[in-house]
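As the structure lists them, so they are numbered: ligands from 1, and atoms in each ligand from 1.
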Amino acid sequence: MATPPPDRRPIVISGPSGVGKGTLYNLLFQRYPDTFVLSVSHTTRAPRDGEQDGVHYHFVPMKDFEDLIAGDGFVEHATFGGNRYGTSKMTIAEQAKKGKVVLLDIEMEGVKQIKNSNIEARYIFISPPSLEVLESRLRGRGTENEQSIQKRLAQATNELNYSQVPHVHDKIIVNADLEKAYKELEKYIYQPLSG
Ligand SMILES: Nc1ncnc2c1ncn2[C@@H]1O[C@H](COP(=O)(O)OP(=O)(O)OP(=O)(O)O)[C@@H](O)[C@H]1O
């Protein structure tokens with residue numbers, strides 16, 4: 001059943017790669033169908049096999065991406081590996097208008113940009129129980145090569161340091177036991193409005 005949470009602000013989920021963000025919010029999507037929607041990013045990179053425009057990404061030419069930046073159309077944008085990625089204000093507004101609570105899966109630099117924008121959001125950080133566990137999850141997922149694993153682990157330290165900065169995140173959840181972490185996420189998202 002679609003039961004929207006009392007607080008309808010977009011939810012920004014961040015945390016190191018491999019910590020279980022996707023696993024956790026996919027559980028939320030399964031258990032509350034039609035309630036939440038993952039924000040679809042814009043990118044200038046080419047679609048990979050099986051990726052659909054408007055579903056996995058909005059695939060756009062560089063010129064369109066730059067026009068969107070010039071028109072202040074993004075809440076956050078970044079460059080990775082020579083390709084640009086961003087979350088457009090329009091995407092968030094369109095989904096919110098349909099009555100859905102928008103979930104944004106965003107890395108640290110994007111979180112900083114959203115915090116500097118005028119977007120009202122809730123910020124959740126997913127933390128690993130330890131760097132050793134994070135490494136074993138990244139390896140266990142089997143999607144990364146050694147170089148990519150090392151890069152993600154190095155970046156994880158930056159993300160974890162940022163999560164310690166007071167008042168950046170509204171909620172920090174340690175993803176040790178999956179079901180416990182999920183319950184904590186659900187409880188936070190569905191908590192009654194305060195004040
Ligand atoms: N609590 C948990 N206990 C054990 N394994 C877990 C737990 N949570 C997630 N995993 C596993 O860890 C791996 C990484 O999870 P996931 O892909 O959801 O991470 P992510 O944070 O979304 O990563 P990325 O940012 O790279 O997309 C997956 O193989 C997943 O099944």
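Per-residue contacts place G22 under 4.0 angstrom from the following atoms of ligand 1 (heavy atoms of the residue considered): 18 (O), 20 (P), 22 (O). For ligand 1, the atoms sitting less than 4.0 Å from at least one non-hydrogen atom of R152 are 26 (O), numbered in the order shown with element in parentheses. Interface atoms of ligand 1 facing P16, defined by a heavy-atom separation under 4.0 Å, are 21 (O). When each atom of ligand 1 is checked for a heavy atom of A176 under 4.0 Å away, the hits are 1 (N), 2 (C), 3 (N).
For atom 25 (O) of ligand 1, the closest non-hydrogen atom on the protein side is K21 NZ, 2.7 Å. For atom 18 (O) of ligand 1, the nearest protein heavy atom (residue, atom name, distance) is T23 OG1, 2.5 Å. The protein heavy-atom contact nearest to atom 4 (C) of ligand 1 is R137 NE, 3.6 Å. Among protein heavy atoms, the minimum distance from atom 1 (N) of ligand 1 is reached at N175 OD1, 2.7 Å. Among protein heavy atoms, the minimum distance from atom 19 (O) of ligand 1 is reached at G20 N, 3.1 Å.
In this structure, G18 counts as a contact residue of ligand 1, since one of its heavy atoms falls inside 4.0 Å of the ligand. In this structure, E107 has no heavy atom closer than 4.0 Å to ligand 1.
Shown here for L131 and A156, the closest heavy-atom pair between the two residues is CD2-CB, 4.2 Å. Here the shortest heavy-atom pairing between S39 and V102 reads CB-CG1, 3.8 Å.
On a distance-only criterion, S17 and ligand 1 share at least one N/O pair closer than 3.5 Å. Distances between N or O atoms of R141 and those of ligand 1 include at least one value under 3.5 Å.
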* Evaluation steps, ring-ring contact (aromatic ring centres under 6.0 Å, His included), between Y25 and F36 -> CA-CA 9 Å; Y25 61 67; F36 301 92; over 10 Å; no
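With salt bridges taken as basic N to acidic carboxylate O contacts below 4.0 Å, none links E144 and K151. Salt bridge status for E109 with K112: present, with a side-chain N to carboxylate O gap under 4.0 Å. Ionic pairing of E135 and R139 is present here: one or more N-O contacts between side-chain nitrogen and carboxylate oxygen are shorter than 4.0 angstrom. Remark: R31 engages E179 in a salt bridge, criterion side-chain N to carboxylate O under 4.0 Å.
Under a cut-off of 6.0 angstrom, the local environment of CD in Q147 is sparse, with at most 12 non-hydrogen atoms contributed by other residues, nucleotides or ligands.
The aromatic rings of H77 and F74 sit tilted relative to each other, their planes meeting at an angle between 30° and 60°.
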